[in-house]
Amino acid sequence: MPELSYLAAVRKSYDTVAADYFAQVKPPEELDPLSRGMLNAFAETVLESGLGPVADLGCGPGRVTAYLAGRGVPAFGVDLSPEMVALARRAHPHLEFTVGSMTAPAIDDDTLGGILAYYSTHHTPPDQLPVVFREFHRTLAPGGHVMVAGHAGAGEHLRPTQAYGGHPVSYESYLSPPDRIAELLRGSGLVVTARLIEEPAPGATRTHATFLARKPERN
């Protein structure tokens, strides 16, 4: 099956910006208290379930994967960009990182205790989000947990030409309404358990949305 064109654009773009992304993006320890709090809540929830590892899908240079691992969560990372995966492996050699796509992750059915998609789904066209969320449902163990965090909006479609140090990029971004994201998660068979909407900070324009969801246990 041929690869979707948007995946090739995302891979090429993040391969191009990888080094500057690593230098510019804050590590989890420097995030605002709400963002850290949601990550910590997700980590505690997964640990309490005792179901299995967490896949950090769209892990970039692996900092959030390592943050979870530092809190006792068995975690590994998957990213489209070989350059990002190479950075992650060098920075965190004790953890596992592989090149792959969240549209078809090489993960068996019903095996994961958790999935983290941290600012990694906004490059997915809206008509492909159901594919991604169905893969979340497929790979999660019954009772497993999902955290999806990222940019939200009113359906904006952004086409930047430069990013992270002025490097050329060809990816696109889609800012879906929070209610639509929740609807798609539920449509994939997941149960949304919590959501946090952060309004734009002073001087900023982006709304941030975080969702916690779980795969129902079998009867």
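In this structure, T16 and V169 have side chains that are not in contact, with every pair of non-hydrogen atoms separated by 4.5 Å or more. At a threshold of 4.5 Å between non-hydrogen side-chain atoms, the residues Q128 and L4 count as touching. Taking 4.5 Å as the limit, some side-chain heavy atom of Y164 sits within range of a side-chain heavy atom of V25. Considering only heavy atoms from C-beta on, C59 stays 4.5 Å or farther from M84 through its side chain. Side-chain contact between P82 and R11: present, with at least one pair of heavy atoms (C-beta onward) separated by less than 4.5 Å. Within the 4.5 Å cutoff, the side chain of L116 has no heavy atoms near those of the T65 side chain. With a 4.5 Å cut-off on side-chain heavy atoms, L7 and T103 count as touching. Under the 4.5 Å side-chain criterion, counting only non-hydrogen atoms from C-beta, Y171 is in contact with P160.
Look at R195 and D179 and you find a salt bridge, because one of the NZ, NE, NH1 or NH2 atoms lies within 4.0 Å of a carboxylate O, short of that distance. Using a 4.0 Å cut-off between charged side-chain N and carboxylate O, D110 and R138 make no salt bridge.
In this structure, a donor-acceptor pair under 3.5 Å is present between the side chains of H157 and R159. A donor atom on one side chain and an acceptor atom on the other are found under 3.5 Å apart for S35 and D32. For the residue pair Y14 and H123, a side-chain donor N or O sits within less than 3.5 Å of a side-chain acceptor on the partner. Side chain to side chain, N40 and Y67 meet the donor-acceptor criterion of an N or O pair below 3.5 Å.
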#### Entry: Test log, rule side-chain contact (heavy atoms from CB on, under 4.5 Å), inputs T207 and E198
CA-CA 6 Å; T207 298; E198 297 181 70; over 6 Å; no
### Task
Would you check, one step at a time, whether the test side-chain contact (heavy atoms from CB on, under 4.5 Å) holds for L212 with V192?
CA-CA 6 Å; L212 297 179; V192 176; over 6 Å; no
#### Entry: T124/Y6 under side-chain contact (heavy atoms from CB on, under 4.5 Å): CA gap, chis, key distance, verdict
CA-CA 8 Å; T124 304; Y6 84 90; 3.6 Å; yes
### Task
Run the numbers on L39 and L31 for side-chain contact (heavy atoms from CB on, under 4.5 Å), then give the verdict.
CA-CA 10 Å; L39 278 172; L31 293 173; 4.2 Å; yes
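Linking ILVMFWY side-chain heavy atoms closer than 4.5 Å, directly or via other members, places M147 and F211 in two distinct hydrophobic clusters. Under a hydrophobic-cluster definition in which Ile, Leu, Val, Met, Phe, Trp and Tyr are linked whenever side-chain heavy atoms come within less than 4.5 Å, directly or via other members, V132 and V146 are assigned to the same cluster. Under the 4.5 Å side-chain contact rule for hydrophobic residues, L47 and L140 do not share a cluster. Transitive grouping of hydrophobic side chains (ILVMFWY, heavy atoms separated by less than 4.5 Å) keeps V64 and Y21 in distinct clusters.
Aromatic rings of H208 and Y119 (six-membered ring for Trp) have centroids within the 6.0 Å cut-off, being under it. A ring-centre distance under 6.0 Å is not found for F42 and H145.
Atom NE2 of residue H151 and atom OG of residue S173 lie 7.0 Å apart, to the nearest 0.5 angstrom. Between the CG atom in L184 and the CZ atom in F133 there is a gap of 6.0 Å [rounded to 0.5 Å]. One distance of note links CZ of F136 with CG of L112; it measures 10.5 Å at 0.5 Å rounding. With rounding to the nearest 0.5 Å, the separation of CG in D56 from CD1 in I115 is 10.5 Å. To the nearest 0.5 Å, atoms CD (E83) and OG (S13) are separated by 13.0 Å. Here CZ of R180 is found 15.0 Å from CG of L175. Values are rounded to the nearest 0.5 Å.
Both the sub-6.0 Å distance and the 45° axial angle are satisfied by R63 relative to the ring of F22.
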